[in-house]
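Quick notes on the structure that follows.
Just so it is clear: chains get the letters A, B, ... in the order the sequence lines come, proteins before strands, and each one is counted from 1. Given the structure is predicted, the values throughout are model-derived calculations rather than measurements. As a basis for the values below, the full set of heavy atoms in this structure was taken, side chains included, without hydrogen atoms, waters or symmetry mates.
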Protein chains: 2
Amino acid sequence: MSRHLPSTQALQCFEAVARCGSVTRASEQLNMTQSAVSRQLRSLEDLLGVHLFERSRQRLRLNANGAAYLDSVTPALDQLRNATQRARRAASGHLCVGIEPALASAWLIPQLRGFSRAHPHISVELMTDMEKLHAASTQWDLAIVYGEPDEGGQACLPLMREHLVAVASPELLKSGPAVRDFADVLQYPIIHHTGPYSTSASWLTRAGLNEREIRQLPGPRMETFSLVQQCAQQGLGIAFLPTYFVTEALGNGSLVEISDLRLTSEQHYNLLLPQARHSPTVALFSDWLQSLAAP
Amino acid sequence: MSRHLPSTQALQCFEAVARCGSVTRASEQLNMTQSAVSRQLRSLEDLLGVHLFERSRQRLRLNANGAAYLDSVTPALDQLRNATQRARRAASGHLCVGIEPALASAWLIPQLRGFSRAHPHISVELMTDMEKLHAASTQWDLAIVYGEPDEGGQACLPLMREHLVAVASPELLKSGPAVRDFADVLQYPIIHHTGPYSTSASWLTRAGLNEREIRQLPGPRMETFSLVQQCAQQGLGIAFLPTYFVTEALGNGSLVEISDLRLTSEQHYNLLLPQARHSPTVALFSDWLQSLAAP
DNA sequence: GTTAATTACGTCGACCGTAAGTATG
DNA sequence: CATACTTACGGTCGACGTAATTAAC
C-alpha cells in the first residue's frame with residue numbers, strides 16, 4: 001500500500017484544469033505558468049498510473065477516470081480549504097456568522113455591542129446572504145437558521161422559539177373592532193408574508209383557514225419582515241411578525257399590538273456548527289448566543 | 001484570501017501525530033525521522049498562525065484548535081486516499097467488491113467465472129467482512145448490500161429482490177403433514193435465523209405471528225445462512241432461506257422444498273457505488289451485475 | 001541518564017519560470 | 001500563422017536526514 005498522496009498543489013491544478021477545461025485558463029486562476037500546471041498534471045497522472053484527460057483538438061476533456069477522481073477531490077479540497085480558513089480565522093480572532101438579515105438587524109446587532117465590549121479581540125462578521133450560506137464552498141464558523149437544517153453532518157443546537165404577534169398602526173386599530181381570538185384579525189386587511197415560513201400563513205392557519213382560503217385573501221404580499229413592517233406602519237393592514245422584530249417599533253409607538261394573543265411557532269431557531277469540535281473563539285460566541293436565548 | 005493550502009505531507013504528519021500523541025511514534029508510521037515530522041508540524045502551525053498542540057511534559061496533546069482542525073482534515077484525507085487508491089486500482093485493472101459471504105459464495109462466485117473469462121484483464125477481489133466495509137477508511141469500488149444503505153452520499157441502485165423458500169431435509173418432510181399456507185410450517189420445528197434481516201422472522205410474521213410470539217418459539221437460532229442450512233440438512237427443522245442460497249442443495253437432494261410457497265421480501269439487494277461517476281472498470285462490472293440480476 | 005522534542009546544517013530533489021518545440025485549426 | 005499544450009534547461013527554495021541541543025522525568 002503506497003502511502004504517497006498527490007500534493008495539494010497537484011490536486012488544485014487538476015481541479016482548476018478540470019473546471020476550466022484549459023491549462024491556460026487554469027494557470028491564470030492559479031497564478032502559475034502554463035508549463036507548471038501542465039507538468040503538475042502529468043506528474044499526477046504518472047503518480048496514479050491513469051490518464052485523467054482526453055487530449056485532443058487543442059483541448060483537454062475529462063476522462064471517465066478523471067471525472068470519478070474529480071468527484072472525490074473537489075469536496076475533499078473544499079473541506080480542507082474551509083478548515084484551513086477557519087483555523088486562520090481562529091488565530092486572527094475573526095468570526096464569520098451566518099444569520100438572516102431580519103434577525104440580525106432586529107435581534108443580534110443590538111446585543112452585539114455587549115459581546116464586543118466583553119471580547120474586544122474578537123471581530124464578528126455577519127453573513128446575511130442565505131443563498132451563499134447554503135453553498136458548500138462558503139466559509140462560516142456558525143450560523144443561526146430557522147427551522148430544520150437541510151444537512152445532517154454538523155452539530156445543531158436549539159436556540160430559541162419564535163413568538164408571533166399581530167401589530168398594526170395605531171390609526172388602523174382605532175378604526176376597527178377589538179380582536180379577541182385568532183380569527184378576529186380577518187375583520188382587518190391583512191399584510192401577508194411570503195416565503196417558506198410565512199408568519200401570516202401560520203397565524204391564519206391557527207385561525208382555522210386552509211391553504212387555499214389563505215391564498216385567496218386580499219392584501220399586499222411581502223417577502224421580508226422589513227417590508228411587512230413598513231406596510232403595517234403605513235396603515236395598510238395587520239402584520240404578523242416575530243416579537244424580536246417589532247420591539248423597537250412598539251417602543252416608539254409607530255406600531256401597536258392589536259391584542260395580547262401570541263403564537264408560538266412550531267419551528268424554532270437553531271444554532272448550526274459546521275463541525276462537532278470547535279475552536280475557543282467559536283465556543284465563546286456560541287455560549288454567549290445560548291445565554292442570550294435561554295432566558 | 002490566501003490560496004495557500006498546507007501540503008498533504010504536512011497534513012498527514014499532523015494527522016499521524018494527533019493520532020499517536022507523539023512525534024516519535026508518528027515518524028515511525030510515516031517512515032520519516034522525528035525532526036522531519038517536527039518541522040512539518042511547526043510549519044503547519046506557522047502557516048495557519050495557530051497552535052494546534054499543547055506542548056508539555058514531553059508529550060503533545062491536541063489543542064481545541066487542533067481538535068477542530070483534525071475533525072475536518074481526517075475525513076478529507078480519507079477521501080483523498082480512497083479516491084487515489086481507486087484511481088490506482090482502475091489503472092491496474094483491479095476491482096474491490098464488497099459483498100456478504102453468503103451471497104458471494106452462493107450467487108456471485110459461481111457466476112464470476114463468466115465475467116473473468118470475458119474480461120481477463122480485470123481481477124476481482126471480494127471483501128466479505130461487512131464490518132470493515134462500513135468503516136469510512138476502507139476502500140472498495142462497489143458493494144452489494146441487503147436493505148437500505150445507511151449512508152446517503154453515494155449512488156444506490158436496486159439490484160434484485162430476494163425470494164424466501166422453506167426447505168427441510170427429505171426425511172423430515174416425509175414425517176410430517178403437508179404445508180399449504182404460511183402458517184402450516186408451525187407444525188414442524190423451526191430453525192431460526194437471527195440478525196437485522198431475519199428470514200425466519202419474515203416468514204413467521206407473514207404467517208400471522210407477532211414479534212413476541214416468534215421470540216417464544218422453540219428451535220435452534222443461527223446467525224448465518226450457512227449454519228441455518230446445515231441445521232436443515234441435519235433434519236433439525238424447517239429453514240427459511242433465499243432461493244439463490246439453496247439452489248445447489250435442492251439440486252443434489254440434500255434439501256427439499258416443503259411447498260411451492262415463496263415469500264418476496266420487502267427489502268432487496270442494492271448496488272452501492274461510493275461515487276456518482278465511476279471508472280470504466282467499475283462501470284463494466286456494475287453493468288454486468290445488473291444484467292445478472294435483471295432477468 | 002534516558003527519553004523525547006526542537007534546532008542547526010549540508011545535501012538533494014522538487015517545482016517554478018523562461019523559452020523552445022509540436023500539433024491543431 | 002496563431003493558439004494551446006508539451007518538453008528542455010537552469011536556478012531557487014523547500015524538505016529531508018544526520019547530528020547537536022534542550023527539556024522533562
Side-chain angles (χ1 to χ4, degrees), chain A residues 2-63 65-67 69-70 73 77 80 84, chain B residues 2-63 65-66 70 73 77 80 84:
Chain A
S2 65
R3 291 215 167 276
H4 277 54
L5 280 182
S7 67
T8 45
Q9 284 278 16
L11 293 172
Q12 282 181 300
C13 287
F14 168 65
E15 189 204 24
V17 171
R19 184 157 26 85
C20 303
S22 151
V23 175
T24 308
R25 233 71 57 81
S27 66
E28 290 163 5
Q29 286 194 10
L30 297 167
N31 288 321
M32 296 168 68
T33 57
Q34 283 186 20
S35 76
V37 176
S38 177
R39 253 178 292 114
Q40 287 285 9
L41 240 55
R42 165 158 293 280
S43 61
L44 179 61
E45 287 180 325
D46 287 349
L47 186 75
L48 298 178
V50 191
H51 282 281
L52 300 169
F53 291 94
E54 204 67 51
R55 264 94 168 168
S56 65
R57 301 174 304 148
Q58 264 184 318
R59 274 183 84 96
L60 278 79
R61 274 200 34 233
L62 264 185
N63 200 338
N65 287 316
Y69 196 54
L70 182 68
V73 168
L77 282 182
L80 284 182
T84 302
Chain B
S2 64
R3 292 215 165 277
H4 277 52
L5 280 183
S7 67
T8 44
Q9 285 279 14
L11 293 172
Q12 282 181 300
C13 288
F14 168 64
E15 189 205 22
V17 171
R19 184 157 27 84
C20 304
S22 149
V23 174
T24 308
R25 234 70 56 80
S27 66
E28 290 163 5
Q29 287 195 8
L30 297 167
N31 286 323
M32 295 169 69
T33 57
Q34 285 186 18
S35 75
V37 176
S38 177
R39 253 177 295 113
Q40 286 284 11
L41 241 55
R42 163 158 295 279
S43 60
L44 179 62
E45 287 181 324
D46 286 349
L47 185 75
L48 297 177
V50 190
H51 282 283
L52 300 169
F53 291 95
E54 204 69 50
R55 265 95 169 169
S56 64
R57 301 175 301 150
Q58 263 184 321
R59 273 182 85 96
L60 278 78
R61 275 201 34 232
L62 264 184
N63 199 338
N65 287 315
L70 183 69
V73 168
L77 281 181
L80 284 182
T84 302

*asked:* For A:Ser7 versus B:Thr8, what's the shortest heavy-atom pair and its separation?
replied: CA-OG1, 3.6 Å

*Which listed nucleotide (D:dT6, C:dT7, C:dC16) is nearest to the side chain of A:Ala36?*
C:dC16

Return the value, rounded to whole Å, for the distance between atom [atom1] of [X] and atom [atom2] of [N].
| X | N | atom1 | atom2 | answer |
| --- | --- | --- | --- | --- |
| A:Met32 | D:dC13 | CE | P | 16 Å |
| A:Leu30 | C:dG17 | CG | P | 11 Å |
| B:Asp46 | C:dT7 | CG | C1' | 14 Å |
| B:Arg55 | D:dA24 | CZ | P | 14 Å |
| A:Leu60 | D:dT6 | CG | C1' | 11 Å |
| A:Gln40 | D:dT6 | CD | C1' | 15 Å |
| B:Glu45 | C:dT7 | CD | C1' | 15 Å |
| B:Leu41 | C:dT6 | CG | C1' | 11 Å |

*asked:* B:Arg42 vs B:Ser38, test: side chain to side chain donor-acceptor pair (under 3.5 Å). Steps then yes/no.
replied: CA-CA 6 Å; B:Arg42 163 158 295 279; B:Ser38 177; over 6 Å; no

_Residue closer to the 5' end of DNA chain C, A:Gln34 versus A:Ser7 (nearest nucleotide)_ = A:Ser7

Need one value for [X]: base, sugar-phosphate or nothing, where a base atom within 4.0 Å counts as base even if backbone is also close, heavy atoms only.
| X | value |
| --- | --- |
| B:Arg42 | sugar-phosphate |
| A:Ser43 | nothing |
| B:Ser35 | base |

*Give a yes or no on this: more than 12 heavy atoms of other residues, nucleotides or ligands lie within 6.0 Å of atom CZ of B:Arg19.*
yes

*Checking only heavy atoms, does the side chain of A:Ser38 share a donor-acceptor pair with the base of D:dT7 at less than 3.5 Å?*
no

*Between the base of D:dG17 and the side chain of B:Arg39, is there a donor-acceptor distance below 3.5 Å?*
yes

*Does a nitrogen or oxygen in the side chain of B:Thr33 sit under 4.0 Å from OP1 or OP2 of D:dT18?*
no

*Kindly assign one of parallel, tilted or perpendicular to the pair A:Tyr69 and A:Phe14, based on the angle between their ring planes and the thresholds 30° and 60°.*
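Ring orientation, 0 to 90° scale: tilted.
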
*asked:* Please evaluate residues B:Gln34 and B:Thr24 with respect to the criterion side chain to side chain donor-acceptor pair (under 3.5 Å), reporting the C-alpha separation (whole Å), side-chain torsions for both, the decisive distance (0.1 Å), and the verdict.
replied: CA-CA 6 Å; B:Gln34 285 186 18; B:Thr24 308; 3.3 Å; yes

